[in-house]
Amino acid sequence: MSADSNASPLAAEVRRRRTFAIISHPDAGKTTLTEKLLLFSGAIQIAGSVKARKATRHATSDWMEIEKQRGISVASSVMQMEYRDCVINLLDTPGHQDFSEDTYRVLTAVDAALMVIDAANGVEPQTRRLLQVCRARNTPILTFVNKMDREVKDPLELMDEIERELGMEVVPFTWPVGMGKAFHGVMDLREKQMRVFSPGEDRKGAEDEILDGLDNPAYAERFGMQYEQAKGEIDLLTDAAPVFEPHAFLGGHQTPMFFGSAVNNFGVREVLDALVDLAPAPGSRAALQRVVQPEEPKFTGVVFKIQANMDPAHRDRIAFVRVASGRFERGMRLKVVRSGKELRPNTVVTFMSQRRELLDEAFAGDIIGIPNHGVLQLGDTLTEGESLQFTGLPFFAPEMFRSVEVADPLRTKQLRAGLTQLGEEGAIQVFRPVAGSVLLLGAVGQLQFEVVAHRLEHEYGCKARIMPARYNVARWVTCPEENGGAKELQRFIDGNAHRVAMDAVGAPTVLLEYAGELRAMQDNWPKIQFHALREHAGLVFQKQLEG
């Protein structure tokens, strides 16, 4: 069979895919909305109560023990569902700012983002940070304004704040009638109808009441002054709001806005429909060698996340792979481009959060999980043989450091194994000093250290002492060939052995106490390059050290 005869069924499968992440500030209701999207797609029958932390039922996307105890998301979850003949890959990201690095990597694997905003708090700091990432990648964004059944900001004020803070045009697709205790529902501006709010539905029950038309005299009688105010605002928006332009949305310059209450299952269906109607199918992806198109017949994929111990009983490590092109089949031969090793994965899985199902095939846009024991690293490219390296998976220099020792010396082996696996995940950065035996941990935020200590104790059976370290600045170091290359780099490492450490992929890193030390070191070593960001799995560094 020729490639051409394969192309049309493959292209049709690619066109069915929608792959997006949910992003928000903590407590905006992101995990709740994730649950309700699964509920409305028919993927689950009952939504887990996110807030009932002591209950046996937890949110489907919060599977880690510490998440269940605290009621927060600290790992990114992946869920797949079908809705209206589309295959939707939904990635729920950690909202907590201490886990922004994991979120950043997840955003490299999606084609769109759904931004959740708390209607009472408006645009919050973490939302701004995540939006900067999306804007840098021109990721299309849909906006869901949540918690309208509480006392919240005026919707026009919210719309203005989103435009001003996030630097993009807002196009309302639905508009609220009232708020708080007087929240009556939303007007669907596209369908010219009103969906009437009814609170407290935890299950996917009877259909909401739908009223035809936006301008019905009976509405004023039934919904009072809240309807009159909403009608006036809609008339104003008709004249003043921008017209929705698909190209502006796809370029990340416009965001469609929806209002609702996720905990009450309200306004969720409109968002799900918009994702199918508006969000793009998988697009091309840049590799160092060339641009890869999703409809190409040969499989390519990139590892954007690694998670240890999704099933603690099996000590497993799952590599999450975004399929970039072609069709994946279970048991096919794959090349790990970085190492040249061959994989023949037979137990590849698809996800419903922690629940997994064996997978026979997948297409561009899908997220697949490959169990492995250290063979795959973050940023690895998988192909059917071609030497490709996908770009854009960053690691950031840590801003906080701790030293780590095991409380019981007999558990040293478990500590090292645990930290190696957690380092491969990118949950924490682990550094092995060139001179000295005490391991160092680097992180963006304090909560990462707490999570690592909790996971070392509960998943690896070793209680760790995590203590302050004197470092505050880290930079990866390289040396271009024209400046002496590997020899000059080795000279630098030997001359600074007391403050150089190797990270999880063997990339040399200099650790310093003050920013002033870095400036002095740059002056003293003009041939060495200092990096606050390293991409992928340290290929440049490994090649340098190999000479």
Side-chain angles (χ1 to χ4, degrees), residues 28-29 32-33 36 40 115-124 142-166 168-201 205-245 249 254-274 277-278:
T32 306
L33 180 59
K36 300 312 172 83
F40 275 83
M115 175 172 66
V116 185
I117 287 182
D118 183 327
N121 297 328
V123 179
E124 297 175 88
L142 296 96
T143 300
F144 181 71
V145 180
N146 194 21
K147 305 186 182 180
M148 287 304 299
D149 55 323
R150 302 188 187 179
E151 292 308 317
V152 298
K153 291 185 176 183
D154 177 81
L156 282 172
E157 182 189 336
L158 273 169
M159 184 176 161
D160 182 58
E161 183 181 334
I162 294 166
E163 287 197 329
R164 187 179 65 251
E165 291 274 355
L166 306 180
M168 58 201 315
E169 286 186 333
V170 174
V171 184
F173 274 47
T174 67
W175 197 255
V177 178
M179 63 179 80
K181 289 180 178 167
F183 180 50
H184 298 301
V186 293
M187 300 282 200
D188 187 327
L189 306 184
R190 283 201 302 170
E191 300 295 328
K192 300 284 190 278
Q193 60 190 24
M194 178 175 172
R195 187 179 293 270
V196 179
F197 176 66
S198 54
E201 294 180 19
E207 290 298 308
D208 292 326
E209 182 185 359
I210 304 288
L211 305 175
D212 283 333
L214 301 181
D215 197 1
N216 188 321
Y219 294 176
E221 196 175 314
R222 181 171 172 183
F223 304 118
M225 59 178 285
Q226 286 81 22
Y227 167 73
E228 296 289 356
Q229 183 178 343
K231 183 69 177 67
E233 289 167 345
I234 290 169
D235 289 342
L236 180 68
L237 290 169
T238 305
D239 296 330
V243 176
F244 178 70
E245 296 175 5
F249 162 66
Q254 267 190 358
T255 177
M257 181 163 69
F258 302 83
F259 291 85
S261 166
V263 76
N264 287 294
N265 294 356
F266 191 76
V268 176
R269 188 178 297 283
E270 286 86 347
V271 171
L272 200 50
D273 283 332
D277 295 337
L278 306 178

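In this text the structure is predicted, and so the values were computed from the model without any measurement.
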Just jot down the salt bridge (Lys or Arg N to Asp or Glu O under 4.0 Å) partners of Glu228, sequence neighbours excluded, or say none. none
With sequence neighbours excluded, tell me which residues meet side-chain contact (heavy atoms from CB on, under 4.5 Å) with Gln226. Val177, Ala182, His184
Are Ile117 and Met115 side-chain neighbours, meaning at least one heavy-atom pair lies under 4.5 Å? yes
Min side-chain heavy-atom separation Phe40-Val271 under 4.5 Å: no
In terms of ring plane angle, is the pair Phe266 and Phe197 parallel, tilted or perpendicular, where the classes change at 30° and 60°? perpendicular
Between CD on residue Glu169 and CD on residue Glu163, distance to nearest 0.5 Å: 6.5 Å
side-chain contact (heavy atoms from CB on, under 4.5 Å) against Leu158, all qualifying residues, sequence neighbours excluded: Ala119, Val145, Lys153
Nearest-0.5 Å distance, CE of residue Met159 to OG1 of residue Thr143: 11.0 Å
Distance in Å, Met148 CE paired with Asp118 CG, rounded so as to fall on 0.5 Å steps: 10.5 Å
When every non-hydrogen atom of Leu142 is compared with those of Ala274, the smallest separation belongs to CD2-CB, 3.8 Å
Closer than 3.5 angstrom, by distance alone: can the side chain of Tyr219 be matched with the main-chain N or O of Lys231 as a donor-acceptor pair? no
Check the orientation of Phe259 and Trp175. Use parallel for under 30°, tilted for 30 to 60°, and perpendicular for over 60°. perpendicular
Residues forming a salt bridge (Lys or Arg N to Asp or Glu O under 4.0 Å) with Glu270, sequence neighbours excluded: Arg195
Supply the atom-to-atom distance Met179 CE to Ser261 OG, rounded to the nearest 0.5 angstrom. 14.0 Å
Just grab all the salt bridge (Lys or Arg N to Asp or Glu O under 4.0 Å) pairs involving residues 173-192, residues at least two apart or on different chains. Arg190-Asp277
What is the distance from atom CD1 of Ile234 to atom CE of Met187, rounded to the nearest 0.5 Å? 5.0 Å
Over all heavy atoms of both residues, which pair between Leu156 and Glu233 is shortest? Give the atoms and the distance, please. CD1-CG, 3.7 Å
Sequence neighbours excluded, the answer for side-chain hydrogen bond (donor to acceptor under 3.5 Å, both in side chains) partners of Asp215 is none
Determine whether Ile162 and Met257 make a side-chain contact, defined as any pair of heavy atoms from C-beta on separated by less than 4.5 Å. yes
Restricting to non-hydrogen atoms, name the atom on Ala230 and the atom on Pro176 that form the minimum distance, rounded to 0.1 Å. CB-O, 3.5 Å
Taking Ala262's backbone N and O only, do any of them form a donor-acceptor pair with Asn146's side chain (distance below 3.5 Å, no angle check)? yes
Step by step, would you call Phe258 with Phe144 a ring pair (Phe, Tyr, Trp, His ring centres under 6.0 Å)? CA-CA 5 Å; Phe258 302 83; Phe144 181 71; 7.8 Å; no
Charged N to carboxylate O under 4.0 angstrom, Asp273 versus Arg269? no
With no hydrogens and no angle check, do the side chains of Asp149 and Asn264 hold a donor and an acceptor under 3.5 Å apart? yes
Here the gap from Leu189 atom CG to Met194 atom CE, rounded to the nearest 0.5 Å, amounts to 12.0 Å
Student check: side-chain heavy atoms of Asp160 and Glu165 closer than 4.5 Å: no
